[in-house]
Visitor: 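This is the structure I have questions about; it appears just below.
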Amino acid sequence: MTDVRYDPKEIEPRWQKVWEDEQTWHVENGEATDRDKSYVLVMLPYPSGEPHIGHLKVYSVGDAVAHFHRRNGLRVLNPMGYDAFGLPAENHAIKTGQHPRVSTDEAIIEFRKAFREWGVSIDWSREFGTHEPRYYRWTQWIFLALYERGLAYRKEAAVKWCPNDQTVLANEQVIDGRCERCGWEVEVKQLEQWFFRITDYADRLLDDLDTIEWPEHVKTMQRNWIGRSEGAEVIFRCDELAIDYPVFTTRPDTLFGATFFVMAPEHPDVLRLAEGTEHEEEVRAYVNRALNETAEERGDVDKEKTGVPLGRTVTNPVNGEQIPMFVADYVLMEYGTGAVMAVPAHDQRDYEFAVKFGLPIQQVVAPASGEMPEGEAFVEHSADERLVNSGDFTGLSAAEGKDAIVSWLDRQGKGHQTVQYRLRDWLLSRQRYWGCPIPIVHCPACGLVPVPEEDLPVILPDVEDYAPKGRSPLAAAEDWVNVACPSCGGAAKRETDTMDTFVDSSWYFLRYCDPVNEEAAWSQDAVHEWMPVDQYIGGVEHAILHLMYARFFVKALKDLGHLEVDEPFAKLFTQGMITKDGAKMSKSRGNVVSPADIVASHGADTARCYILFIGPPDQGADWSDEGVEGVHRFLARLWRLSATAAAGEGSAGDQPETTHGFGEELVRKSHWAIEKVTNDMTGRFAFNTAIAAVMELTNTASKAFNEMGNPDPQALRFALATANSLLFPFAPHAAADGYHLLTGRRVWEEPWPAADLAYLVSDTIEVVIQVNGKVRDRVQAPADASAEDLKALAHAAPNARAHVDGREVVKEIVVPGKLVNIVVR
RNA sequence: GCCCGGGUGGCGGAAUGGUAGACGCUCGGCCCUCAAAAGGCCGUGUCCUUCGGGGCGUGUGGGUUCGAGUCCCACCCCGGGUACCA
């Protein structure tokens, strides 16, 4: 056995060549077949440099699923492409002057090479990059389809601006007041920009979460992001200026407790209201200061409340009281109407403000206990609390009061029930170069004119200078910008902003269904055949951004008649991050593990198996070089045993009709492993325990060979063929090779093995004997022993007897096939 | 603060309310070898032991149960998300 060595450097390229030459993983659309489909998709990679360890992990998971589905008789679509537009390549271009297309295409070559070396079972005929005109032509087509439906529109709004990247950002791309990409503090600017009307879909995006099998925490994150809250809009009138100010509140039941009124510093009317009052100067100063504060400074909840009176009052619509108006930075312009009714008795923020400014605190909801909390607002409002000091509504429960007050307001024309969302429309335009051009022409005569479909794609032109200057670098490409208006033929200019790259990745899974179609983005037949994605796999960092945008696109495209599905991804799996020495891998820490190095030193199978063996894939894990060695030893051992057994007695790898010596145990263990691996991969992603089961089977085979002198060569061959067959989804090259050596057949053409349950039950079983719940003995018993027999065995067991003798037996619990528990006093 | 995860040997991790620690790593001993590498075999939670066994052990404290890592209550710690959203 020492003369054959496991050599992944020889094995892996040999099988990769077979799969490539024969296009083994290619699937054809419209194949006449009775097999069900399975669309297994890993999130589109952004090609930059070389693939990192996270890519290795996610493709190891995806490929295991794809192989498992194939061998269970499904037609599997497992495509690959690249999210090729984006800022890193553009920033690189600014630094080096090299066209981002060049560095991007170089990175794509590296990625493609790595995926081939890893032996990932991809249908390469469907490959594309989102930066290719043949792809983004259809990105533009979708944009226009949405534009025509009013789902893409331009408006001036307060938008987030990253001063470093010199571009606007979507709300979702601002984390803690900082740019998601570069970490710079974002500014707010008033600009005209392009938006997608994702808010129209807020309710469907929320409700349909119930129809998809996603991790609960991802759904929760989306629910929170959408932030639906039911409440009422209530109109407070400023009589002096004769202006109505609507506010949104989730607590109309507390309306009688509104003792003042607060506006956000950004509210357009603030300065106008204060004009001519004694507070004018103070308000001006306060607003200026607030607007210059960073999001971080302003956003601190623990900060003491600040604000200034406006010197005006509004009328509380339920009781006609005149209540004073304030400007304060705890009110946000982005949410609701930018103004709130303040109910200090029942809102903690209003309470703090009222205490600081000595404003009245009027209790209108009484706790069931009768006791108001000291020094804080009382915020409960269940059916147990009653309204007090609330005019005709006094005595109602808080819940009833809510409805009654809203109905009353509605009748008076002073308010109505409404729903408010945290979700904002998706700002999609970017003042950057390396992205998909927005196919719109600005004509002085006709306004916004869509580029006609037959003129698509609008090709991204080459420019001299990629550096951002607060407007898109495309503006400098004058030959390109100046264009005849498609409508009137007059002189006009192209839109020079490009699209957020999340637009590109919001529909790529549709294009995979029909990747070379030149007539349409996809054919109805193709998307009908493959959509939805059955299993989507990727990082949890996309829980909101990509996963929300893609869902929106699919719903909008369905409404436009281009799709039949409501949701793009029926099941989602999110993998955890791989760390090294307990920390995120990064160049600055110097703790980066390169997949290329591991593949070079140990082979792709070792790398893939290790990363799956390390622990449950949805959790994070720390990389250990010693662990890699262990997995490599296991693969080497299995392969060596397979090669040795293949050269020895027996034939193929079929199960023997009769067994000899240890052979029975080998067959039994084989079926045990089939059952275990199948269960671990059905509806679960328990690859770590699946691989452990194959290790156990291999250990049993090794024992038969090394210790028992191989008493049953045919059973050994069967066990080893089974081990290779089960290992194939994780270590495809080594398993294909071992299986082929043993059987002469191709493991991927074999159906997934079926466990013969008859082998999972044995004639005798070990029964645990407990006394008072503590294990005291173990005895062998016939599998079909009766409860009475088991009790007798328990009492006969010597060590159990030692703990029972001389004491009173109170109770005996028998779990058939498992244990007997004797309870004594 | 709120919402999710998670806390099990020296380490990564296994365990439908029924033998805690599968599998792997590490470490130790032995075999093979002139020697080493590779490979093979055995041991490896902890303390006590007359070597038969016994005590203690799954973040902490309670509870349910014949029996709890697993279920319930309270709390502590770690990771992630989110946060003046009216």
Side-chain angles (χ1 to χ4, degrees), chain A residues 1-2 5 175-176 215-221 223-225 227-229 231 247-251 254 262 264 298-303 305 328-332 334-343 346-350 352-353 420-423 540-541 543-544 576-577 609-610 613-616 618-631 633-634 636-637 640 676 686 688-696 698-699 702-703 705-707 766-778 798-799 802-803 810-815 817-824:
Chain A
M1 216 177 111
T2 43
R5 265 194 53 219
I175 316 278
D176 289 336
E216 210 47 53
H217 68 278
V218 176
K219 292 192 191 181
T220 303
M221 283 164 74
R223 285 189 189 106
N224 290 343
W225 189 262
R228 184 181 200 274
S229 41
V247 299
F248 174 73
T249 177
T250 53
R251 297 291 307 275
T254 64
V262 191
R298 199 178 143 177
D300 187 3
V301 196
D302 300 327
K303 196 183 74 168
K305 295 281 175 286
D329 67 0
Y330 78 91
V331 175
L332 308 176
E334 300 97 85
Y335 189 76
T337 61
V340 300
M341 65 178 214
V343 184
H346 305 292
D347 181 284
Q348 189 57 30
R349 296 154 301 180
D350 298 340
E352 287 164 19
F353 192 86
Q420 192 60 229
Y421 300 89
R422 203 185 95 118
L423 182 71
V540 73
E541 65 273 18
I544 295 170
M577 195 173 51
C609 259
Y610 171 66
F613 182 65
I614 195 167
D618 53 338
Q619 287 169 32
D622 202 60
W623 184 273
S624 139
D625 291 332
E626 290 77 21
V628 176
E629 292 297 336
V631 169
R633 272 200 288 274
F634 153 67
R637 189 147 73 127
R640 246 183 359 252
K676 172 79 179 144
N688 54 333
T689 51
I691 292 169
V694 181
M695 285 176 172
E696 284 196 50
T698 305
N699 290 346
S702 173
K703 188 173 170 192
F705 189 84
N706 289 308
E707 274 184 79
E766 190 185 68
V767 175
V768 168
I769 313 300
Q770 296 182 336
V771 178
N772 284 352
K774 283 194 196 303
V775 179
R776 295 302 180 187
D777 228 323
R778 294 147 214 267
N799 198 47
H803 289 87
V810 185
K811 200 171 184 180
E812 287 161 316
I813 286 115
V814 179
V815 182
K818 275 264 157 89
L819 62 78
V820 179
N821 187 12
I822 304 169
V823 184
V824 297

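All heavy atoms count here, side chains included; hydrogens, waters and symmetry mates do not. Numbered from 1 within each chain, the chains take letters A, B, ... in sequence-line order.
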Visitor: Could you write out RNA chain B as dot-bracket? Rules: Watson-Crick or G-U wobble, both distances under 3.5 Å, brackets [ ] for crossings, | for pairs with another strand, dot for unpaired.
Guide: (((((((..(((.....[....))).(((((.......))))).((((....))))..(((((..]....))))))))))))....
Visitor: Assign A:Glu629 to base, sugar-phosphate, or nothing according to its heavy-atom contacts below 4.0 angstrom with the strands shown.
Guide: nothing
Visitor: Between B:rG40, B:rU26, B:rA86, spot the one nearest the side chain of A:Leu332, thanks.
Guide: B:rA86
Visitor: So, does A:Asn799 get its side chain near the phosphate of B:rG52, meaning an N or O under 4.0 Å from OP1 or OP2?
Guide: no
Visitor: Over all strands shown, is A:Asp622 touching base, sugar-phosphate only, or nothing at heavy-atom distances under 4.0 angstrom?
Guide: nothing
Visitor: In whole Å, what is the span from the CZ atom of A:Arg633 to the C1' atom of B:rG40?
Guide: 13 Å
Visitor: For A:Asp350, report the nucleic acid contact type (base, sugar-phosphate, nothing); a contact means any heavy atom under 4.0 Å.
Guide: nothing
Visitor: NA contact type, A:Glu334, heavy-atom cut-off 4.0 Å: base, sugar-phosphate, or nothing?
Guide: nothing
Visitor: Heavy atoms, side chains only, cut-off 4.5 Å: are A:Val540 and A:His217 in contact?
Guide: yes
Visitor: Taking all non-hydrogen atoms of both residues, which atom of A:Ile691 and which atom of A:Cys609 are closest, and how far apart?
Guide: CD1-O, 3.7 Å
Visitor: Go through B:rA83, B:rC41, B:rC23 for me and flag the one nearest to the A:Glu696 side chain.
Guide: B:rC23
Visitor: What integer distance in Å separates A:Glu541:CD from B:rG81:C1'?
Guide: 13 Å
Visitor: Could you give the distance separating B:rC76 and B:rG24 at their C1' atoms, to the nearest angstrom?
Guide: 32 Å
Visitor: Provide the distance between the two C1' atoms, one in B:rG21 and one in B:rG69, to the nearest whole Å.
Guide: 11 Å
Visitor: By nearest atom, which of the nucleotides B:rC23, B:rC41, B:rG18 is closest to the A:Ser702 side chain?
Guide: B:rC41
Visitor: Could you check if the base of B:rG9 is syn or anti? Syn means the glycosidic torsion is within 90 degrees of 0.
Guide: syn
Visitor: Which heavy atom in A:Asn821 sits nearest to a heavy atom in A:Gly773, and how many Å separate them?
Guide: OD1-N, 3.0 Å
Visitor: With sugar-phosphate meaning primed atoms plus P, OP1 and OP2, does A:Asn699 contact a base, only sugar-phosphate, or nothing at under 4.0 Å between heavy atoms?
Guide: sugar-phosphate
Visitor: Closest nucleotide of RNA chain B for A:Ile691 versus for A:Lys811: which of these residues is on the 5' side?
Guide: A:Ile691
Visitor: Does A:Lys774 make a side-chain N or O approach to OP1 or OP2 of B:rC56 shorter than 4.0 Å?
Guide: yes
Visitor: Mapping A:Phe613 and A:Ser229 to their closest nucleotides on RNA chain B, which lands nearer the 5' end?
Guide: A:Phe613
Visitor: Hey, does A:Thr250 reach any base, or is it just sugar-phosphate, or nothing, if we go heavy atoms under 4.0 Å?
Guide: sugar-phosphate
Visitor: Do any side-chain nitrogens or oxygens of A:Arg776 fall under 4.0 Å of OP1 or OP2 in B:rG54?
Guide: yes
Visitor: Reckon A:Arg349 has a side-chain N or O less than 4.0 Å from the OP1 or OP2 of B:rC85?
Guide: yes
Visitor: Pick the P atom in B:rC73 and in B:rU64, then give their distance to the nearest Å.
Guide: 15 Å
Visitor: Below 30° counts as parallel, above 60° as perpendicular, anything between as tilted: where do the rings of A:Phe353 and A:Tyr330 land?
Guide: tilted
Visitor: Taking all non-hydrogen atoms of both residues, which atom of A:Val810 and which atom of A:Val824 are closest, and how far apart?
Guide: CG2-C, 4.0 Å
Visitor: How many whole angstroms separate atom CG of A:Asn688 from atom C1' of B:rA15?
Guide: 12 Å
Visitor: Please measure how far the P atom in B:rG57 lies from the corresponding atom in B:rG67, and state the result in whole Å.
Guide: 16 Å
Visitor: Answer with base, sugar-phosphate or nothing: what part of the nucleic acid does A:Val775 contact at a heavy-atom distance below 4.0 Å?
Guide: sugar-phosphate
Visitor: What is the separation between atom CE on A:Met341 and atom C1' on B:rC85, rounded to the nearest whole Å?
Guide: 15 Å
Visitor: Using a heavy-atom cut-off of under 4.0 Å over every strand shown, decide if A:Gly630 touches base, sugar-phosphate, or nothing.
Guide: sugar-phosphate
Visitor: Since syn is defined as within 90° of 0, does B:rG52 count as syn or as anti?
Guide: syn
Visitor: Counting side-chain heavy atoms from C-beta on, which of B:rC4, B:rC66, B:rG24 comes nearest to A:His217?
Guide: B:rC4
Visitor: Closest approach of A:Val247 and A:Ala339, non-hydrogen atoms and distance?
Guide: CG1-O, 3.5 Å
Visitor: Might you point out which heavy atoms bring A:Asp622 and A:Tyr610 nearest each other, and give the distance in Å?
Guide: O-OH, 3.9 Å
Visitor: Are A:Arg776 and A:Asn799 packed together at the side-chain level, in the sense that at least one heavy-atom pair is separated by less than 4.5 angstrom?
Guide: yes
Visitor: Identify whether any heavy atom of A:Asn821 sits under 4.0 Å from a base atom; if not, whether one sits that close to sugar-phosphate; answer base, sugar-phosphate or nothing.
Guide: base
Visitor: Could you tell me whether the side chain of A:Ile813 reaches within less than 4.5 Å of the side chain of A:Gln770, counting heavy atoms only?
Guide: no
Visitor: Contact class for A:Pro798 vs. all strands (heavy atom < 4.0 Å): base, sugar-phosphate, or nothing?
Guide: nothing
Visitor: Could you tell me the separation between the CZ atom of A:Phe353 and the P atom of B:rC84, rounded to a whole number of Å?
Guide: 17 Å
Visitor: Expressed as a whole number of angstroms, how long is the span from A:Arg223:CZ to B:rC85:P?
Guide: 21 Å
Visitor: Would you say A:Arg640 reaches B:rA38's phosphate, i.e. side-chain N/O to OP1/OP2 under 4.0 Å?
Guide: no
Visitor: Under 4.0 Å, counting only non-hydrogen atoms across every strand here, what does A:His803 touch: a base, just sugar-phosphate, or nothing?
Guide: sugar-phosphate
Visitor: Check every strand shown and say whether A:Val631 touches a base, only sugar-phosphate, or nothing at a heavy-atom separation below 4.0 Å.
Guide: nothing
Visitor: How far does the P atom of B:rC42 sit from the matching atom of B:rC23, given to the nearest Å?
Guide: 12 Å
Visitor: Please give, in whole Å, the distance from B:rC66 C1' to A:Lys818 NZ?
Guide: 17 Å
Visitor: My understanding is that only residues two or more places apart in sequence, or in another chain, count here; which of them pass side chain to side chain donor-acceptor pair (under 3.5 Å) with A:Asn699?
Guide: A:Arg637
Visitor: Rounding to a whole Å, what distance do you find between A:Tyr335:OH and B:rA86:P?
Guide: 4 Å
